[in-house]
Amino acid sequence: MEYICLLATFFVIVVLGFVSVIFFEAYRRRNNHEHVAVPAIFEDPNSLKQVPCPHVVDPAAKYISLIIPAFNEEHRLPGALDETMNYLQQRSSKDPSFSYEVVIIDDGSADGTKRVAFEFVKKYTVDMVRVILLGRNHGKGEAIRKGMLHSRGELLLMLDADGATRITDLEKLENQIHAVAKKEFNSRDSSASDPSFRISDIPVAVFGSRAHLEEKALASRKWYRNVLMKGFHLVVLLAAGPGVRDTQCGFKMFTRAAARKLFSNVRLKRWCFDVELVFLCKCFRIPIFEISVNWSEIPGSKVNLLSIPNMLWELVLMSVGYRTGMWRISNST
């Protein structure tokens, strides 16, 4: 009996200690959305001059911004950028009103990612391609947040550096946003319609989805990977609620109005920031649409089985942070 009491006491101490760690860490991250370690600076490698840095609260100066986070992507980034720039140039040549920029965020890479990125800046000019250097590794979520906050587009698309999603699929997401914006504009009283209305004024989020590939993936993956992924999806459902089948696809588009609200509040810096985006969309009543995209697995992924515990940890922190009120949502923007 004494042994059982000691064991029970030990168990209670461990649980209380774990809960205390969760609350402490959630409290420590309460202001994660307010700053990062370094200011955003764009440099023109041709003139060696610093370029004025825009902010998402400023009016849009481009039609679309493509935000690409990169961490040790020296080998995969060139191919993805070549495909992306070719597409953007072809589309721009057909439609002079189609203006764009590509923002690459080097998340503390230790290889030649910075060199590769600046080669593209030199080739296409700093007006078309820009690079943000974070100095040290902060995580994919923080890299994307930084890029979103300092982009110039009416539409902002985040995409992975490996080119896993076909770049032409951005038109699927873009068309969905235009359809929603048109419906919103037509529903307004014509006498009250603003002649300066822009698509960027309507908060909308469109997520690329690989859910249609799930059946094939289940058949090809090891059984324990399927168990882990199903468990992760269950935790995501509990943390952010239903409505989005694939939260982790790295191909997502936002209007400027949506990005302004969402990325001024995101706190998670690594893999689960996508889930936090879903949670924040629901808080702001920003409509989310899922669109199937063409996706292929590219060798060299940074996500592995060891990432699962870290992702679960972030989801627990997010749930505790928001549900206790420690993570306050700002609507000032």
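We use all heavy atoms of the structure for the numbers below, so side chains are in, but hydrogens, waters and symmetry mates are not.
Put simply, the side chain of L134 reaches to within 4.5 Å of the side chain of K146, judged on heavy atoms. The side-chain heavy atoms of M253 and L170, taken from C-beta on, include a pair separated by under 4.5 Å. Residues I68 and L77 have side chains in contact (heavy-atom distance under 4.5 Å, counting atoms from C-beta outward). Using a 4.5 Å cut-off on side-chain heavy atoms (C-beta onward), F289 and V180 make contact. Contact of the L155 side chain with the S200 side chain is not registered, since no non-hydrogen atoms from C-beta on lie closer than 4.5 Å. Under the 4.5 Å side-chain criterion, counting only non-hydrogen atoms from C-beta, I132 is not in contact with I104. With a 4.5 Å cut-off on side-chain heavy atoms, I291 and S209 do not count as touching. Counting heavy atoms from C-beta on, the side chains of I105 and I67 come closer than 4.5 Å.
Residues R270 and N137 bring a donor and an acceptor atom of their side chains to less than 3.5 Å of each other.
Using modelled atom types, no side-chain atom of R323 and backbone atom of G321 make a donor-acceptor pair closer than 3.5 Å. A donor-acceptor pair under 3.5 Å links the side-chain atoms of D201 to the main chain of R198, judged by distance alone. A donor-acceptor distance shorter than 3.5 angstrom exists from the side chain of S264 to the backbone of R260, with no hydrogens or angles considered.
To the nearest 0.5 Å, atom CG of residue L66 and atom CG of residue L156 are 9.0 Å apart. Atoms CG and OG, on N72 and S109 in that order, are 4.5 Å from each other to the nearest 0.5 Å. With rounding to the nearest 0.5 angstrom, the CZ atom of R145 is 12.0 Å from the CG atom of L262. T84 OG1 to L159 CG: the interatomic distance, rounded to the nearest 0.5 Å, is 5.5 Å. To the nearest 0.5 Å, atoms CZ (R256) and NZ (K261) are separated by 14.5 Å. Within the model, atoms OH of Y63 and CG of D95 stand 9.0 Å from one another, a figure rounded to the nearest 0.5 Å.
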Q: Evaluate the criterion side chain to side chain contact (heavy atoms under 4.5 Å, CB included) for residue pair T165 and N294; output intermediate values, then yes/no.
A: CA-CA 6 Å; T165 305; N294 293 286; 5.9 Å; no
Q: Just do the side chain to side chain contact (heavy atoms under 4.5 Å, CB included) check on V102 and Y124 with the steps written out, would you?
A: CA-CA 10 Å; V102 175; Y124 294 101; over 6 Å; no
Q: Please assess M318 against L268 for the test side chain to side chain contact (heavy atoms under 4.5 Å, CB included), listing each intermediate value before the final yes or no.
A: CA-CA 8 Å; M318 186 193 83; L268 296 181; 4.1 Å; yes
Q | Check against salt bridge (Lys or Arg N to Asp or Glu O under 4.0 Å), E142 and R136 | A | CA-CA 11 Å; E142 182 59 33; R136 65 179 180 83; over 6 Å; no
Q. Between L315 and M311, does a side chain to side chain contact (heavy atoms under 4.5 Å, CB included) hold up when you go through it step by step?
A. CA-CA 6 Å; L315 289 177; M311 297 168 81; 5.6 Å; no
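L173 and G208 make their closest contact through CD2-N, 4.1 Å (heavy atoms, listed as atom of the first residue, atom of the second, distance). Taking both residues in full, the closest heavy atoms of G163 and A80 are given as N-CB, 3.8 Å, listed atom of the first, atom of the second, then distance. In terms of heavy atoms, L149 sits closest to F263 at CD2-O, 3.7 Å. Across all non-hydrogen atoms, the minimal contact from T113 to A70 is CG2-CB, 3.8 Å. Here the closest heavy-atom approach between residue A257 and residue P203 is recorded as CB-N, 4.0 Å.
In this structure S65 satisfies the side chain to side chain donor-acceptor pair (under 3.5 Å) test together with E101, sequence neighbours excluded. Scored by the side chain to side chain donor-acceptor pair (under 3.5 Å) test, E171 finds Y87 as partners (sequence neighbours excluded). When the side-chain contact (heavy atoms from CB on, under 4.5 Å) test is applied to K252, the partners found at least two apart in sequence or on another chain are M158, F207, F254, D274. Applying the salt bridge (charged side-chain N to carboxylate O under 4.0 Å, His left out) test to R115 and every residue at least two apart in sequence or in another chain returns E74, E119. Here Y322 pairs with F279, W327 under the ring pair (Phe, Tyr, Trp, His ring centres under 6.0 Å) rule; sequence neighbours left out. Taking the side chain to side chain donor-acceptor pair (under 3.5 Å) definition, one finds that S93 meets it with nothing, sequence neighbours left out. Every residue two or more places apart in sequence or in another chain was checked for a salt bridge (charged side-chain N to carboxylate O under 4.0 Å, His left out) with E290, and none qualifies. Taking the side-chain contact (heavy atoms from CB on, under 4.5 Å) definition, one finds that V121 meets it with P45, F118, V126, V129, V131, sequence neighbours left out. Residues satisfying the side-chain contact (heavy atoms from CB on, under 4.5 Å) test with A181, not counting sequence neighbours, are I199, I202.
Between K140 and E73 there is no salt bridge, since no side-chain nitrogen of the basic residue lies less than 4.0 Å from a carboxylate oxygen of the acidic one. Salt-bridge annotation for D169 and R166: absent, with no side-chain N of the basic residue lying under 4.0 Å from a carboxylate O of the acidic one.
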Can you give me every donor-acceptor pair (side chain of residues 52-62, partner residue at least two apart or in another chain, under 3.5 Å) with its distance?
{"residue": "H55", "atom": "ND1", "partner": "V57", "partner atom": "N", "Å": "3.3"}
{"residue": "D58", "atom": "OD2", "partner": "H55", "partner atom": "N", "Å": "2.9"}
{"residue": "K62", "atom": "NZ", "partner": "D127", "partner atom": "OD2", "Å": "2.9"}

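Within the structure, the salt bridge (charged side-chain N to carboxylate O under 4.0 Å, His left out) test picks out no pair touching residues 77-88 (sequence neighbours left out). Residue pairs meeting the salt bridge (charged side-chain N to carboxylate O under 4.0 Å, His left out) criterion with at least one member in residues 105-114: none, sequence neighbours excluded.
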